Number of protein chains: 2
Amino acid sequence: MVKITDVARRAGVSPSTVSYALSGKRPISAATRQRVEAAARELGYRPHAGARALASSRSNVLALVVPLRAGIHVPVVMQFAVSVVTAARRHDHDVLLLTQEEGEDGLRRVTDAALVDALILMDVQLHDPRLPLLRSLGRPSVMIGFPRDSTGLTCIDLDFRAAGERCVEHLAGLGHRVVALVGSPPEVYVRGTAFAQRVVQGFTAAADRAGLASAVHPCEATPAAARQVAEKLLHEQPALTGVVVHNEAVLEPLIDAFEHLGLRVPDDLSVTAICPDELAESLDVTSVALPSAEVGERAVELLMSKLAGDVVPETTLLPPELTGRASTAPRPA
Amino acid sequence: MVKITDVARRAGVSPSTVSYALSGKRPISAATRQRVEAAARELGYRPHAGARALASSRSNVLALVVPLRAGIHVPVVMQFAVSVVTAARRHDHDVLLLTQEEGEDGLRRVTDAALVDALILMDVQLHDPRLPLLRSLGRPSVMIGFPRDSTGLTCIDLDFRAAGERCVEHLAGLGHRVVALVGSPPEVYVRGTAFAQRVVQGFTAAADRAGLASAVHPCEATPAAARQVAEKLLHEQPALTGVVVHNEAVLEPLIDAFEHLGLRVPDDLSVTAICPDELAESLDVTSVALPSAEVGERAVELLMSKLAGDVVPETTLLPPELTGRASTAPRPA
DNA sequence: ATGAAAGCGCTAACAA
DNA sequence: TTGTTAGCGCTTTCAT
């Protein structure tokens with residue numbers, strides 16, 4: 001193994017100069033820096049991570065806690081994880097993968113052992129049991145999603161309220177007057193994943209503002225439930241021409257159900273969704289995407305700022321972007 | 001931060017005794033061990049990972065390199081990653097997540113820096129450019145999948161040859177006499193991902209052995225290609241009653257295509273697949289699963305053995321398990 | 001069965 | 001602008 005003293009000897013300087021030249025933590029003359037860099041390159045020097053962590057009390061590793069729970073869309077998690085790793089690497093950090101299963105002990109373990117400098121948590125619940133721990137851990141963290149009370153913490157997510165609004169505005173702009181939201185399964189609202197409720201708020205507020213008639217229907221994640229909701233919708237709102245779907249599992253079955261009931265999409269009925277882009281694209285449905293890659297990147301940027309001692313906003317809401325596809329059209333005459 | 005000297009003081013022993021009591025690396029009297037354990041527990045002692053790594057030249061971290069390439073089934077990767085983390089934790093190790101994108105430099109970086117003790121690589125190609133590096137890295141590694149030449153390396157995967165055989169045997173056992181394999185896109189065979197070719201070998205060998213008429217058709221990963229293959233199959237093998245599909249993207253479209261052509265599954269045609277269990281289950285198709293969780297677990301076990309200095313087999317082939325579902329039935333009379 | 005002490009390789013405070 | 005040096009917290013020889 002090649003160590004800092006080897007580099008120092010070859011460059012004809014002291015070890016500390018090598019350290020400083022490589023880290024840039026104090027001014028070094030251009031000439032020395034170049035000699036050091038050349039020596040390091042020629043020898044293939046890589047600082048020993050453990051030694052560095054011990055001396056600097058920085059491991060340059062971030063923890064990423066991923067959920068396992070059913071009902072989580074796996075490709076989104078993976079895409080997110082990859083974007084976190086990529087962003088972390090740009091800042092010379094690595095990523096330690098933890099499963100939610102390890103729970104609070106896991107978080108305490110990796111921070112107490114100084115294995116990681118900071119944490120990113122996915123799948124945060126309204127009353128997440130990890131909140132008090134995070135506040136007391138003394139390490140920067142960023143949560144994906146919003147708990148009820150985020151005081152003293154840092155959260156980031158798509159602005160789901162605005163996403164709900166954006167979908168309604170799109171439909172209103174196309175002349176639709178009667179709209180419905182097909183939402184998540186009832187238990188999601190009960191369990192308290194904040195984003196589902198925010199979509200409802202945004203949807204309702206935007207519909208009211210635009211003077212649209214509107215209704216909200218939770219829906220189980222099964223094709224059968226989708227068919228039921230489709231029928232119910234048509235009975236309760238015969239003039240319905242616009243639907244917002246926030247439930248990826250039923251998007252396809254729901255469209256099928258509408259077409260079985262004799263409604264063509266988008267000729268008779270416009271459909272827009274809030275869902276992974278992948279799915280919307282494959283079904284050619286107008287949608288607001290869950291920007292998992294951007295969330296991951298931004299989460300890392302936030303952590304880096306916090307590690308640098310900067311103060312960052314407690315909450316970051318990413319603006320929704322709606323992509324028009326073949327499932328929405330002007331209201332039929 | 002609570003350190004080993006704190007624990008030592010509280011237990012009334014020397015730091016080295018604490019270290020030994022906790023690691024079990026030398027005999028300690030029951031009484032002392034208990035005092036040390038109690039002290040550690042009461043203080044919430046966690047050894048500093050960096051210090052430990054520096055002193056012992058073991059980081060207790062494994063690297064997991066995940067692929068990004070298109071055509072990789074994401075949920076399988078995620079399931080695999082989770083099983084690796086879970087298995088690693090059982091051995092008191094953590095997992096560092098690397099993307100394939102970082103390439104050989106990434107591998108060299110984390111090993112040279114002593115960030116990780118060992119590596120797990122997914123998505124190994126027949127002539128993977130990382131092979132020479134792995135051989136020279138001086139750290140244990142396990143690859144998921146088989147390169148052309150695995151000398152000096154450790155590989156593990158589903159036994160795809162046996163999987164192909166198993167599917168044919170299942171069909172033969174149901175009385176089918178004419179079978180076809182719908183395989184991966186042509187470029188997969190060209191690019192040289194070994195498993196696709198092994199399925200073909202197993203399929204053909206088993207069909208010959210059982211005296212079945214058989215044919216193999218590569219197939220692009222599009223519904224249109226699936227429809228074409230379905231038609232071609234029926235023209236070329238009018239007596240066809242059994243199909244093996246090794247191409248998850250076209251499984252559903254292919255079944256649809258057969259049914260559009262007037263063939264009921266399983267009444268007229270039996271279909272069996274080699275694909276993620278998730279997909280087979282949702283389509284209710286008889287299948288051999290890709291046992292990603294088991295592969296991950298076994299990969300970790302292999303690494304642990306290697307880290308312990310044991311010699312492990314160069315290749316591990318997991319036996320296929322076929323799960324019967326509603327898509328296969330006895331040959332129609 | 002236990003203790004003392006020498007590093008592991010690096011960073012950063014202190015000196016010059 | 002550079003060098004000297006004292007640790008960082010742990011493991012592990014070497015002694016007892």
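A quick note: this is a predicted structure, and the numbers were derived from the prediction, not measured. Here is the naming used below: chain letters follow the sequence lines, and residue numbers restart at 1 for every chain.
To the nearest angstrom, C1' of C:dC10 lies 12 Å from CG of A:L22. The separation between B:H48 atom NE2 and C:dG9 atom C1' is 13 Å, rounded to whole Å. Regarding A:D6, its CG atom lies at a distance of 13 Å from the C1' atom of C:dC10, rounded to whole Å.
The shortest side-chain heavy-atom distance between A:I156 and A:V142 falls under the 4.5 Å cut-off. In this structure the side chain of A:L22 reaches within 4.5 angstrom of the side chain of A:Y45, judged on heavy atoms. At a threshold of 4.5 Å between non-hydrogen side-chain atoms, the residues A:E102 and A:R109 count as touching. The side-chain heavy atoms of A:L107 and A:L133, taken from C-beta on, include a pair separated by under 4.5 Å. Side-chain contact between B:V312 and B:K306: present, with at least one pair of heavy atoms (C-beta onward) separated by less than 4.5 Å. Considering only heavy atoms from C-beta on, A:F195 stays 4.5 Å or farther from A:L158 through its side chain.
Residue A:K25 places at least one side-chain N or O under 4.0 Å from the OP1 or OP2 atom of C:dA12.
The number of heavy-atom neighbours closer than 6.0 Å to CD of A:E37, taken from other residues, nucleotides and ligands shown, is above 12. Applying the 6.0 Å contact sphere to CD of B:E104 captures more than 12 heavy atoms from other residues, nucleotides or ligands.
Scanning DNA chain D 5' to 3' for nucleotides with an atom closer than 4.0 angstrom to a non-hydrogen atom of chain A gives a first and last hit of D:dT1 to D:dG9.
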Its contact letters, B for base, S for sugar-phosphate only and - for none at protein heavy atoms under 4.0 Å, make nucleotides 1-8 of chain C read SBBBB-BB
